[in-house]
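Have a look at the structure below, then the notes.
Protein chains get the first letters and strands the later ones, always in sequence-line order, with residue 1 at the start of each. All figures in this text were calculated on a predicted structure; none of them were measured in a lab.
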Protein chains: 2
Amino acid sequence: MQRDVQEFINRLKSRGQRLTRQRKKIVEKVFSTHGHFSAEDLLGELRKDGYRASRATVYRTLALLTDCNLLEAIDFGQNCQLYEHVLGHRHHDHLICMKCGRVVEFSNDVLENLQNEISRSMDFKPISHSLKIYGICSKCKRKR
Amino acid sequence: MQRDVQEFINRLKSRGQRLTRQRKKIVEKVFSTHGHFSAEDLLGELRKDGYRASRATVYRTLALLTDCNLLEAIDFGQNCQLYEHVLGHRHHDHLICMKCGRVVEFSNDVLENLQNEISRSMDFKPISHSLKIYGICSKCKRKR
DNA sequence: TTACATGCAAACTATTTGCATAAGC
DNA sequence: GCTTATGCAAATAGTTTGCATGTAA
């Protein structure tokens, strides 16, 4: 958390951009939150703290953090853009429960390597990827 | 193409729904088009043919086709919902060029099996998945 | 002091919906 | 003729933008 905030300040400086009151508050909130969150979630959290930042500034700051590679934007489809921390979190993919919406992370090196191999065999230079497996999570399976 | 249209008619009937002039025209266009297309692309194609169907009907018919499992809706992120045929097309994943936007399909059984294994090892019942690998395609690599 | 950031409200994009009218079966 | 589908225009949701004003450095 402190490290992320510090890193944000560094990257802002190196870009000649400013650390405003709003950015500071937003970034602190972003990095004290865990898991995936949306712009609207974040705005709600800020308001709950009695802090009012404009919706536009929240969106602009999320874009800035993504651009600085401190946040990753993950598209969970149709108007569902979520964000997650980058620093200290290795790359992972997602299992998404179609019943309860729960998102579970996983990572697997064999899978990563295989994807790279496949890409190369198609003369394609892989840079990043997104894998989402949809199905039924353990809790929901048991409920049936 | 004829098979898809026929299948659509069958599924409509079994649902007690009607084959309207608009649906017929839209479905013919959908299945004579290859590759990925958006609702707006489709509407444009229809208009180019001098045929005017309302935007609402195009959206409603695409949803119907998806519901009938004749089309698959693939989310290419942020306001980029594309569709592709299902019948006669085995499951595949996508390589997406970050330079030119070209989309190349691939499929790999080892990859599929591995995903299923991983899911099971996490007590998750996989139903479907979406894998997109972003990078630079062969043409764009050569251009550099 | 001056360039950059904010807040507001309006614009935008893709999509959905309510309702009167049209048309399959 | 009854019920489903269409077309329109308005609504929606999430996000972006123009511009006057505020503020960090």
To the nearest 0.5 Å, what is the distance between CD1 (A:Ile136) and NZ (A:Lys139)? 14.5 Å
Within residues 62-84 of chain B, find the residues that approach DNA chain C with a heavy atom at under 4.0 Å, and present them sorted by residue number. B:Asn79, B:Gln81
Counting only non-hydrogen atoms, which of residues 43-60 of chain A are less than 4.0 Å from DNA chain D? A:Arg55, A:Ala56, A:Tyr59, A:Arg60
For the helix from C:dT1-D:dA25 to C:dC25-D:dG1, what angle separates the axis at the start from the axis at the finish, each from five pairs, in steps of 10°? 30°
Of all heavy-atom pairs between A:Arg142 and B:Asp123, which one has the smallest distance, and what is that distance? NH2-OD2, 3.7 Å
In chain order, what residues pass the salt bridge (Lys or Arg N to Asp or Glu O under 4.0 Å) check against A:Glu28, with sequence neighbours excluded? A:Lys24
Restricting to non-hydrogen atoms, name the atom on B:Asn108 and the atom on B:Val110 that form the minimum distance, rounded to 0.1 Å. OD1-N, 3.0 Å
N-O pairing of B:Asp75 and B:Lys132 below 4.0 Å: no
For residues A:Val5 and A:Val58: do they belong to one hydrophobic cluster (side chain heavy atoms under 4.5 Å, members Ile, Leu, Val, Met, Phe, Trp, Tyr)? yes
Starting at NE2 of A:His94, measure out to CD of A:Glu84 and round the result to the nearest 0.5 Å. 4.0 Å
Between CD of B:Glu40 and P of C:dT13 the distance, given in whole Å, is 11 Å
Enter the distance from A:His91:NE2 to A:Glu72:CD here, rounded to the nearest 0.5 Å. 7.5 Å
Listing request: all salt bridge (charged side-chain N to carboxylate O under 4.0 Å, His left out) pairs with a residue in residues 10-22 of chain B, at least two apart in sequence or in separate chains. B:Glu7-B:Arg11, B:Arg15-B:Asp67
Looking at A:Cys97 and A:Cys137, what are the two nearest heavy atoms and their distance? SG-N, 3.5 Å
How long is the straight-line distance from OG of A:Ser119 back to CD1 of A:Ile127, given to the nearest 0.5 Å? 10.5 Å
Among residues 7-32 of chain B, which contact DNA chain C at a heavy-atom distance under 4.0 Å? B:Arg18, B:Leu19, B:Arg21
If you measure from the Lys or Arg side-chain nitrogens to the Asp or Glu carboxylate oxygens, is any gap between B:Arg120 and B:Glu117 under 4.0 Å? no
